[in-house]
Asks: 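What follows is a single structure, and I will ask about it in a moment.
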Amino acid sequence: MSQKQKQKQEFETIRIHTEFIKLDSLLKFAGLCDTGGFAKELIQQGQVKVNGEICTMRGKKIRSGDEVSVDRFTVKVVSE
């Protein structure tokens, strides 16, 4: 079994109180990166997926029901 297969996918639900959150802000809010600069870098390098597809738009509006993945971490967004 490869090292990648051994890594367990981690899943978290994030609640937002607005209609949407921008992708770079979500990465920081969810704790997937520490700074906006690092979020921008991850997005530009094609390391972020939105609903299973690579997204390079850091201002992409993420709405309730969307899933964002970075490496082995996946965040599902729900609104209240």
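Keep in mind it's a predicted model, so treat the numbers as computed, not measured.
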Asks: Look up atom OG in S64 and atom NZ in K76, then write down how far apart they are to the nearest 0.5 Å.
Replies: 7.5 Å

Asks: Side chains of R58 and K22: closer than 4.5 Å at any heavy-atom pair?
Replies: no

Asks: State whether the number of non-hydrogen atoms from other residues, nucleotides or ligands found under 6.0 Å of F11 atom CZ is greater than 12.
Replies: yes

Asks: Applying a strict under-4.5 Å side-chain criterion to I, L, V, M, F, W and Y, I'd like to know whether L42 and F73 cluster together.
Replies: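 Yes, L42 and F73 fall within the same hydrophobic cluster.
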
Asks: Please report the interatomic distance CG(N51) to NZ(K49), rounded to the nearest 0.5 Å.
Replies: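 The distance works out to 12.0 Å.
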
Asks: Per the side chain to side chain contact (heavy atoms under 4.5 Å, CB included) rule, which among D66, I14, L32 passes with L26?
Replies: I14

Asks: Which residue in the set V78, V77, I62 passes side chain to side chain contact (heavy atoms under 4.5 Å, CB included) when paired with I16?
Replies: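 So, applying the side chain to side chain contact (heavy atoms under 4.5 Å, CB included) to I16 and each of V78, V77, I62, only V77 qualifies.
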
Asks: Please determine whether residues F38 and F29 belong to a single hydrophobic cluster, defined as Ile, Leu, Val, Met, Phe, Trp and Tyr linked transitively by side-chain heavy-atom distances below 4.5 Å.
Replies: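 Both belong to a single hydrophobic cluster.
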
Asks: Output yes when a side-chain donor or acceptor of Q9 lies under 3.5 Å from a complementary backbone atom of R72, and no otherwise.
Replies: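 Flag set: sc Q9 to bb R72 pair under 3.5 Å.
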
Asks: Working to the nearest 0.5 Å, report the span between CZ of R63 and OG1 of T18.
Replies: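 Result: 9.5 Å between the selected atoms.
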
Asks: Out of curiosity, T13 OG1 to E67 CD, how far, rounded to the nearest 0.5 Å?
Replies: 8.5 Å

Asks: A side-chain contact here means heavy atoms from C-beta on lying under 4.5 Å apart; do K28 and C33 qualify?
Replies: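 A side-chain contact under 4.5 Å exists here.
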
Asks: Evaluate whether atom CD of Q45 has more than 12 neighbouring non-hydrogen atoms of other residues, nucleotides or ligands under 6.0 angstrom away.
Replies: yes

Asks: V48 and V70: which non-hydrogen atoms are nearest, and at how many Å?
Replies: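 For V48 versus V70, the nearest heavy atoms are CG2-CG2, 3.8 Å.
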
